[in-house]
Amino acid sequence: MAPKLSDSAERLRAAGNQSFRNGQFSEAASLYSRALRVMQEQGSLDYKEESVLYSNRAACHLKDGNCRDCIKDCTSALALVPFSMKPLLRRASAYEALEKYPLAYVDYKTVLQIDDSVLSALEGVNRMTRALMDSLGPEWRLKLPSIPLVPVSAQKRWDSEYHKETPKGKSKDTTTAKSRVPSGDVERARVLKEEGNELVKKGNHKKAIEKYSESLSYSNLESTTYSNRALCHLALKQYKEAVKDCTEALKLDGKNVKAFYRRAQAYKALKDYKSSFADINSLLKIEPKNVPAQKLQQEVNQKLN
């Protein structure tokens, strides 16, 4: 049994971080809670440290699927240190999981005011835009809560913390894009992707591939553009190209259900039944009741047996 740690907030936080890295999210949350109690009992005025503890505990809740407590902790973290990047992203993810798309959209957009190259926020805005258009119609923007204006001081604080925490010569955090994409390029990429979607609806898959490819030349950070182009390759029986596009899509979004499904279809067509079965299993872990995937699983299973 490990020796009992001294109940100092700093040591409890470090122990929580280690438990989190080990995948012991419930234990990590408990350690962060103890650290918060120690700080509150001691009357600590270290608001930044307290905010980090709330944010870290929120990450544990998010990993365990406890989205409501994640939101509460992120809100507490942001009350102590407004416009902090990590609690904003974690709260956005929790809102998205609860299908509270307007609130998720606001948090993702707020992050992009702080740093417009954060990949998870760029993808989040794109997902929320699609969801809001589907649920609220073409005037969805008029039905959103107001997006707070991030002060320059918060942006400078993020830059300062980032440069302090990132070792010299190391690449950026994995939440940021490999290279900054100008917002105009992102918008142009979005327009071209929508043009590709319209061509798909008309059955013009060859022309749609051209539009998706042009879209990716402006911004290659959109997972669905790759998975949409994969659909076109499937329709044209270009199975190897479909596999490549689905793989790129999954690098950007490891929960892209359509990418898993389309890659499974492509692998099946290529007679790579083991890879197809593996992709279907990955999909069904995300969406256990996905009927088309269940049907495809049965078909591939017959080929394997």
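Only this structure's heavy atoms are used, side chains among them; waters, hydrogens and symmetry mates stay out.
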Any Ile286 side-chain heavy atom under 4.5 Å of Phe260 side chain | yes

Between Ser51 and Tyr47, is there a donor-acceptor pair closer than 3.5 Å when you use the side chain of the first and the backbone of the second?
-> no

Any chance the side chains of Asn197 and Tyr212 put a donor and an acceptor closer than 3.5 Å?
-> yes

Should Tyr101 and Tyr95 be counted in the same cluster of Ile, Leu, Val, Met, Phe, Trp and Tyr side chains packed under 4.5 Å apart?
-> no

Ser93 side chain to Leu89 backbone, donor-acceptor under 3.5 Å | yes

Take Phe25 and Phe20 through the test ring-ring contact (aromatic ring centres under 6.0 Å, His included) and record every step on the way to the result.
-> CA-CA 5 Å; Phe25 306 121; Phe20 188 90; 5.1 Å; yes

Check whether any side-chain heavy atom of Tyr226 sits under 4.5 Å from a side-chain heavy atom of Cys246, and report yes or no.
-> no

So how far is it from Leu216 CG to Lys211 NZ, rounded to the nearest 0.5 Å?
-> 13.5 Å

Exam field: side chain Ser227 to backbone Thr224, donor-acceptor pair closer than 3.5 Å | yes

Will you find, in the side chains of Arg141 and Tyr105, an N or O donor that is under 3.5 Å from an N or O acceptor?
-> yes

Worked check of side chain to side chain contact (heavy atoms under 4.5 Å, CB included) between Glu139 and Leu142 | CA-CA 6 Å; Glu139 296 186 351; Leu142 301 176; 4.0 Å; yes

Is it true that a side-chain atom of Ser55 and a backbone atom of Val52 form a donor plus acceptor pair closer than 3.5 Å?
-> no

Side-chain donor or acceptor of Gln298 paired with backbone N/O of Ala293 under 3.5 Å | no

Any Arg229 side-chain heavy atom under 4.5 Å of Ser213 side chain | yes

Give a yes or no answer on whether the side chain of Ser276 reaches the backbone of Asp272 with a donor-acceptor pair at less than 3.5 Å.
-> no

Connected via hydrophobic side-chain network under 4.5 Å: Ile114 and Tyr108 | yes

Report yes or no: do Trp140 and Leu103 belong to one cluster of Ile/Leu/Val/Met/Phe/Trp/Tyr joined by side chain heavy-atom distances under 4.5 Å?
-> no

Ser223 versus Asp253, closest heavy-atom pair with distance | OG-CB, 3.5 Å

Could you state whether Leu80 and Ile71 fall into the same hydrophobic cluster, counting links through intermediate Ile, Leu, Val, Met, Phe, Trp or Tyr residues with side-chain heavy atoms under 4.5 angstrom apart?
-> no

Do side-chain atoms of Arg57 reach the backbone of Ser33 as a donor and acceptor pair under 3.5 angstrom?
-> no

Have Gln297 and Asn281 got a donor and an acceptor in their side chains that come within less than 3.5 Å?
-> yes

Identify the heavy atoms of Ser19 and Leu31 that sit nearest to each other, and give their distance.
-> OG-CD1, 3.6 Å

Flag, side chain of Lys143 to backbone of Leu136, donor-acceptor distance under 3.5 Å | yes

Flag the pair Glu214 / Ser217 as yes when at least one side-chain heavy-atom distance between them is below 4.5 Å, and no otherwise.
-> yes

Side chains of Val200 and Asn228: does their closest heavy-atom pair fall under 4.5 Å?
-> no

Using atom types as modelled and distance alone, determine if a side-chain donor or acceptor of Ser84 lies under 3.5 Å from a backbone N or O of Pro87.
-> no

If only atom types and distance count, is the side chain of Asp115 paired as donor or acceptor with the main-chain N or O of Ser117 below 3.5 Å?
-> yes

Are Glu49 and Arg13 close enough for a salt bridge, meaning some N to O gap below 4.0 Å?
-> yes

Any side-chain heavy atom of Glu248 sitting closer than 4.5 Å to one from Lys244?
-> no

Does Leu231 share a hydrophobic cluster with Leu192, counting links as ILVMFWY side-chain heavy atoms below 4.5 Å and allowing steps through other members?
-> no

Minimal heavy-atom distance between Val300 and Tyr273, with the atoms involved, is CG1-O, 3.4 Å

Determine the minimum heavy-atom distance between Ala189 and Ser215, stating which atoms define it.
-> O-OG, 2.7 Å

Yes or no on side chain to side chain contact (heavy atoms under 4.5 Å, CB included) for Glu50 and Val81, after CA distance, side-chain angles and deciding distance?
-> CA-CA 9 Å; Glu50 194 173 346; Val81 182; over 6 Å; no

Between Arg21 and Gln18, is any side-chain donor less than 3.5 angstrom from a side-chain acceptor?
-> yes

Full working for salt bridge (Lys or Arg N to Asp or Glu O under 4.0 Å) between Arg130 and Glu222 = CA-CA 13 Å; Arg130 291 192 298 276; Glu222 176 57 59; 3.7 Å; yes

Ile147 versus Gln113: any side-chain heavy-atom pair under 4.5 Å?
-> yes

Side-chain contact, heavy-atom cut-off 4.5 Å: Val243 with Thr247?
-> yes

Does a side chain donor of either Gln238 or His233 reach within less than 3.5 Å of an acceptor in the other side chain?
-> yes

Step by step, work out the side chain to side chain contact (heavy atoms under 4.5 Å, CB included) result for Met85 and Val118.
-> CA-CA 10 Å; Met85 182 81 77; Val118 178; 4.0 Å; yes

